[in-house]
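Notes for the one structure printed next.
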Amino acid sequence: MILPVILPRHQLTLMMAGKFQMTRRDREQDEAVAQTQMRTDWPVYILSLEGDEERRAPLLSALAEMGISAEVLIGVDGRNGLPAWAEKKIMRRRLSPEKRPLTDGEYACALSHVNAYVNILEKNHPGAIIFEDDATIDSRFKAFLNARAHLLGDMVLLGHKNCWVKKSRKFDIAAGLHLYSVANNPLLAHAYSISRTAAQTLLTAATPVREPADWPCDLWHMNVFAIDPQVAHQTIQDIDHSHLEADRLELISKYKPEKSGNKLKNFFFKRLSGSWWRTWFVRRTSRKLS
């Protein structure tokens, strides 16, 4: 017969305290391992150009303060025209003929994102977090990483503009931080996480490159989320001083899409297009996030 052992209250208290301390220590170790694995398995890429050390320095510094290492990927410089090899990887005709042509800078930017997708696939990473070098981040980005929210979908847009989201799909990932399923193709590609599967999808769609970096295919067919509030930003000043913006604005000012002189014909022709009805549906079943 085994008699129960009755411990004094103070010894029982010490044992319970030790158990709780061990549980807390184990949890802290697990969190440290998880963050280390994130940094190892999901690299952080910063897309930049030769000679832009000063431009990318603030982002590198902000990441370093969070204990996050990043790899700088030198992209394609299209400010003085595309190099010959890059011309072979693009098609100077948009998927929709009525859209304006892209500038060399926009093609170069898209090729730089393609290079990141190729890196993910060739190095067999499960995914990556991609920043353009003029992005700025705040402390909530670290909360996003600690919650391992990059694993929840094919992509998570950390910054966005003109983003519509489905009302029925929302994830609370941290205090005051939420993910919403996107219902359209938002603007901006300055900060996002992307899985290996999604990298392959975008790479296929961008071969050859004929659309801007944001985005070569429809995101709503994938499991893509937008974060709210945004944790990565491009301020108005950043956008105005973007390498791409001057050429883009000049081209927009000159571009005049071909239209029929018959306004009634244009009205009905527009409503025969699938994209018009898609936009109509999204705006009635979703809500605007940014």
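- We find the OH-CG distance between Tyr117 and Leu202 to be 4.5 Å, quoted to the nearest 0.5 Å.
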Tell me, with the steps shown, if Lys123 and Glu71 meet salt bridge (charged side-chain N to carboxylate O under 4.0 Å, His left out).
CA-CA 13 Å; Lys123 296 181 179 179; Glu71 179 181 352; 3.5 Å; yes

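- Using a cutoff of 4.0 Å between basic side-chain nitrogens and carboxylate oxygens, Arg56 and Glu132 are not scored as salt-bridged.
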Pair Thr136-Gln234, side chain to side chain contact (heavy atoms under 4.5 Å, CB included): steps then yes or no:
CA-CA 7 Å; Thr136 60; Gln234 275 188 325; over 6 Å; no

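- Taking 4.5 Å as the limit, some side-chain heavy atom of Val72 sits within range of a side-chain heavy atom of Ile74.
- Residues forming a ring-ring contact (aromatic ring centres under 6.0 Å, His included) with Phe141 (at least two apart in sequence, or on another chain): Phe131.
- Here the shortest heavy-atom pairing between Ala62 and Ile137 reads CB-CG1, 3.9 Å.
- With a 4.5 Å cut-off on side-chain heavy atoms, Arg92 and Tyr107 count as touching.
- Nearest heavy-atom pair, Gly81 versus Asp104, reported as atom, atom and distance to 0.1 Å: CA-OD2, 3.4 Å.
- Side-chain atoms of Phe171 and His178, non-hydrogen and from C-beta on, never get closer than 4.5 Å to each other.
- Counting heavy atoms from C-beta outward, Leu177 and Asp172 have side chains that stay 4.5 Å or more apart.
- There is a side-chain donor-acceptor pair under 3.5 Å between His160 and Ser290.
- Within the 4.5 Å cutoff, the side chain of Ile46 has no heavy atoms near those of the Leu73 side chain.
- If you take NE2 on His233 and CG on Leu158, they are separated by 10.0 Å, rounding to the nearest 0.5 Å.
- To the nearest 0.5 Å, atom CG of residue Leu49 and atom OG of residue Ser112 are 6.5 Å apart.
- One finds the CG atom of Leu152 at 11.5 Å from the OG atom of Ser195 (value rounded to the nearest 0.5 Å).
- Leu95 places a side-chain heavy atom less than 4.5 Å from the side chain of Arg210.
- Between the side chain of Ser61 and the main chain of Ala57, no donor-acceptor pair closer than 3.5 Å is present.
- With values rounded to the nearest 0.5 angstrom, Leu289 atom CG is found 14.0 Å from Lys166 atom NZ.
- The side-chain contact (heavy atoms from CB on, under 4.5 Å) with Leu157 is formed by just one residue from the set Leu188, Ile227, Val182; it is Val182.
- Of all heavy-atom pairs spanning Leu82 and Ala108, the tightest one is CD2-CB, 3.9 Å.
- Put simply, Phe225 and Val165 are part of two different groups of oily side chains (I, L, V, M, F, W, Y) that touch within less than 4.5 Å, one to the next.
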Worked check of side chain to side chain contact (heavy atoms under 4.5 Å, CB included) between Asp133 and Asp52:
CA-CA 9 Å; Asp133 60 4; Asp52 273 352; 4.0 Å; yes

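- Shown here for Pro83 and Asp77, the closest heavy-atom pair between the two residues is CD-O, 4.3 Å.
- The side chain to side chain donor-acceptor pair (under 3.5 Å) check on Glu211 picks up Arg94, with sequence neighbours excluded.
- Counting only heavy atoms from C-beta outward, the side chains of Pro186 and Leu219 approach each other to under 4.5 Å.
- Side chain of Ser193 to main chain of Met155: no donor-acceptor pair is present (N/O by atom type, distance under 3.5 Å, no hydrogens or angles).
- To the nearest 0.5 Å, the span separating CD on Gln200 from OG1 on Thr197 amounts to 8.5 Å.
- With 3.5 Å as the limit, one finds a donor-acceptor pair spanning the side chains of His113 and Tyr192.
- None of Val76, Leu203, Asn119 except one satisfies the side-chain contact (heavy atoms from CB on, under 4.5 Å) rule with Val114; the exception is Leu203.
- Hydrophobic clustering (ILVMFWY, side-chain heavy atoms < 4.5 Å, transitive): Val209 and Met91 are in distinct clusters.
- Nearest heavy-atom pair across Met222 and Asp154 is CB-OD2, 3.8 Å.
- You'll find the side chain of Pro208 stays beyond 4.5 Å of the side chain of Ile90, heavy atoms only.
- Tracing side-chain contacts under 4.5 Å through hydrophobic residues (I, L, V, M, F, W, Y), one reaches Leu59 starting from Phe144; they form part of the same cluster.
- Ion pairing of Arg140 with Asp228 is absent here, as no side-chain N (NZ or NE/NH1/NH2) approaches a carboxylate O to less than 4.0 Å.
- Between Trp42 and Pro126, the shortest heavy-atom distance links the atoms NE1-CG, 3.5 Å.
- For the pair Arg287 and Tyr180, the cation-pi test (distance below 6.0 Å, angle within 45°) is passed.
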